[in-house]
Amino acid sequence: MVAALVPDIWFFAAATAVTYLADWYLHQRGSYLVNRLGKVRAGLSIRFLLRQLMIILLLARLDLAEEPLFYAAVACFLLFYGLQAPHGALTTLIRLRRSLPIVTRNVDLHAIRIPDAPPRALLHRSSEKMLHLDLPAVAGVLLAAGTGEDVIGYIGAGVTLLLAGLYTALLVPYLRKKRQAPSAPAVLKALDAWLREYQPTVVLYFSGSSESAYQGNMWLDTMAAVEGRPLIVMRERNLVPQLADTSVPVVCVPAGTHLMNMDLSSVRVCLYPANVGKNIHMLRVPTMKHVFIGHGDSDKLASVNPYSKVYDEVWTAGRAGRDRYALADVGVRDEDIVEVGRPQLAPIKSWTGTTRNPVPTVLYAPTWEGWDDNPGNTSLLLAGEKIVRRLLKADNPVRVIYKPHPFTGIRSAKAKAVDAKIRNLIETAAQKRAADPRWVKEASAAAAGHTAAKAELVRIEARLAELSKPGRAGGDESEESRLSLADPARQTEISTLRTEWNDAYWRSLGWWEHMTVTGAQPKLYDCFNESDAMVSDISSVVSDFIASGKPYAVTDSAELGAEEFKRQNTAVRAAVILSNSAEEIDELLSAVTDPAADPLAEARHELKTYLLGPDEPTSMEQFDAAVRALAVKAEARNAGVAQRLGGQQPPAPLPDAEAASSGAGDGTAEVVAEADAAVDPDVPAGPDADAGIGAGPSAVR
């Protein structure tokens, strides 16, 4: 605006270029600022409109308001904005008509025709692309104003309008019926047909926020190995792309009404890894038994949520989970708790008693700040920096791996700031170590192996990218639902490649290099296997790490004192207890390097059994046994209800007086009496109660 008012055309051109580049950069990064600008009425369209208004202002200040170039620029920008409406309407309609009521993976929907998606170039970030077509006009007008050659401006305006019209016209063919997705009733009918053919018996039901995909992913391998015919039911479309690769059929059903009308009559057991509101849509189905399995086993309050009593059973890893519910007294009955171990822990390797490398590796894996301000939620806020600094400055060299929780910083700005400081500490320490002569020598000796491992990583990642994306490039979720069918050979290759990737990843790094690990890969358990000890907080991470048998430390962030901390939290009874000063960190390091200085080794072994269950039978065998037993209960319940109802609906209730008068000679009074008995077990039923309507509340329900 200043450049327009001055006026200085070349200053204006430079400022315009900066605004274009800034917009592009913010959108490429997915910056939060983009959303905030939209909230304050400075959205994308407004920003482009303001830029064009400034060009008109510039022309006026250059005394060109009476020139044909001025009117051509005004007309061009008006027509250009006139094309925004049909373009926006077309892209919206195409997306709506391409959208299925469900998203699937490994589900055969051959019964319906799902056409190919439009080219990604047409619909991906279409508003941005359309608005940026003003570039020829903007550049042409500025050049014309600066050089006096009006024809350049006319050509630029013509190119902009031509491209905008062409872009809009290219979208029109995709409104044809044969390019549209099938109707919702047709898709749901095809899904029910597939369900009747597949006959799923065990369902993993998952719903949650965009950051919670890990809660479902941790159960994928277990579902792939479970007895019966597993099915994964999801509720949020945005979580489907975050789901790890699996051979198990996946159905995402966003609408509750569609879910409640799905044919799930063959399902006998439904497993829930999280307590969320949308669980109610599945909990209402009485023909299956409902189980809370959670997404971790810890001493957090979330592990004894009173909501858990809505489920038929609660499955815990070991005896500790059962005892937690007994102590919490939140309404979950002891007979409804089943100990099944933790099948996910199979990849965790047991400690050999010695460090993997000449320098011990310590993993710092704090949990997130939680939804309240309890200081015991995480060590990050009060002790995080001190823990990392003491590890980095230990008398004997230590390698530090920092792996923060995926939720870190989503609620607390302070937690986010501390996380950033720790990452910076790790990075700075890694750079200093890389310049240290001792480590330079080690790096030189290992350089060839690291180079080979990095080349292998590139090869593996390229192949995984080919295998992990079904269909052609640019396909939308509807096209992927059509194409992403289970392929055993493909699944086997992916599994093998992921194992090879993990091995190559760690070989590509020096065993002395400090590092921060984020994202899905490498997994937390891979970090467990790479580490010789861990520092963490009260969370399932601690319980899972205990499976390794390695020394660990837990921070008493709430400053309860060691004894009270142990009394309240089972998982820390074999841990080195850290205060917020982290002064006790040397005890952990001594236990790692000298078995004689590890007084908690036997306690860790005993605690492992208490928390996670026995080693034999395996967790997967225990899990399968629990599924079988509950399926038998579901079958018994369904058979009992069918027997009591006799395959017919109960008669409509009659007013008391009418029932008494009309039931004298036709047996209706006895039926009403039996129905009353079904509601109130203390009321005696008629002589045929065992074969009649029913004798318990479940019959009415």
Side-chain angles (χ1 to χ4, degrees), residues 85-127 168-200 203 205-207 229 231-243 248-267 270 278 280-282 284-285 287 469-486:
H87 176 269
L90 285 169
T91 54
T92 301
L93 277 173
I94 291 170
R95 288 193 180 101
L96 287 174
R97 294 181 180 183
R98 284 286 310 170
S99 180
L100 299 178
I102 58 173
V103 183
T104 65
R105 297 289 182 270
N106 305 322
V107 174
D108 188 357
L109 295 178
H110 70 275
I112 54 174
R113 183 191 61 80
I114 302 176
D116 287 346
R120 179 179 170 83
L122 286 180
L123 293 182
H124 181 62
R125 299 170 72 164
S126 56
S127 295
T168 304
L170 287 173
L171 294 169
V172 174
Y174 294 97
L175 285 178
R176 291 181 295 173
K177 189 170 183 179
K178 70 176 185 178
R179 295 278 194 173
Q180 299 173 16
S183 65
V187 174
L188 296 172
K189 183 179 179 181
L191 175 63
D192 275 343
W194 178 84
L195 287 168
R196 285 191 294 272
E197 181 181 350
Y198 179 62
Q199 293 286 293
V203 163
Y205 178 92
F206 179 59
S207 173
R229 292 175 296 280
L231 174 68
I232 297 169
V233 175
M234 303 175 66
R235 301 302 308 280
E236 286 78 23
R237 291 178 184 271
N238 64 313
L239 286 180
V240 177
Q242 298 183 52
L243 197 69
V248 179
V250 178
V251 180
C252 177
V253 192
T257 52
H258 292 158
L259 176 71
M260 291 187 282
N261 284 292
M262 280 174 59
D263 183 359
L264 298 173
S265 57
S266 62
V267 177
C270 186
K278 290 183 181 179
I280 189 64
H281 296 150
M282 188 68 88
R284 63 179 288 281
V285 182
T287 54
K469 190 70 174 176
R472 61 191 178 84
D476 59 11
E477 66 178 21
S478 298
E479 186 176 327
E480 289 181 14
S481 292
R482 182 193 75 197
L483 296 171
S484 58
L485 300 179

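Everything numeric here is computed off the predicted structure, so don't read it as measured data.
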**Request:** Side-chain contact test, heavy atoms from C-beta onward, threshold under 4.5 Å: evaluate it for D116 versus R482 and give yes or no.
**Result:** yes
**Item:** Any V250 side-chain heavy atom under 4.5 Å of V107 side chain
**Value:** no
**Request:** Please tell me if the side chains of S265 and R196 come closer than 4.5 Å, counting only heavy atoms from C-beta onward.
**Result:** no
**Asked** Between R98 and E479, what is the shortest heavy-atom contact and its length?
**Response** NH2-N, 3.9 Å
**Prompt:** Is any side-chain heavy atom of H258 closer than 4.5 Å to a side-chain heavy atom of I102?
**Reply:** no
**Asked** Would R105 and E480 pass as an ion pair if we require N to O under 4.0 Å?
**Response** yes
**Asked** Are side-chain heavy atoms of R95 and S126 found at a separation under 4.5 Å?
**Response** yes
**Asked** Distance-only, no hydrogens or angles: does the D192 side chain make a donor-acceptor pair with backbone N or O of D263 under 3.5 Å?
**Response** yes
**Prompt:** Does the side chain of N106 come within less than 4.5 Å of V248's, by heavy atoms?
**Reply:** no
**Prompt:** Just by distance, do the side chain of R229 and the backbone of Q199 share a donor-acceptor pair under 3.5 Å?
**Reply:** yes
**Message:** Going by the rule ring-ring contact (aromatic ring centres under 6.0 Å, His included), which residues pair with Y205 if we only count those two or more places apart in sequence or in a different chain?
**Reply:** Y272
**Minimum-distance pair of heavy atoms, taken over all atoms of L243 and M234** = CD2-SD, 3.9 Å
**Prompt:** Any side-chain heavy atom of L239 within less than 4.5 Å of one from S207?
**Reply:** no
**Message:** So which atom in P182 and which in A186 form the shortest heavy-atom distance, rounded to 0.1 Å?
**Reply:** CB-CB, 4.4 Å
**Item:** 4.5 Å side-chain heavy-atom contact, L231 and L195
**Value:** yes
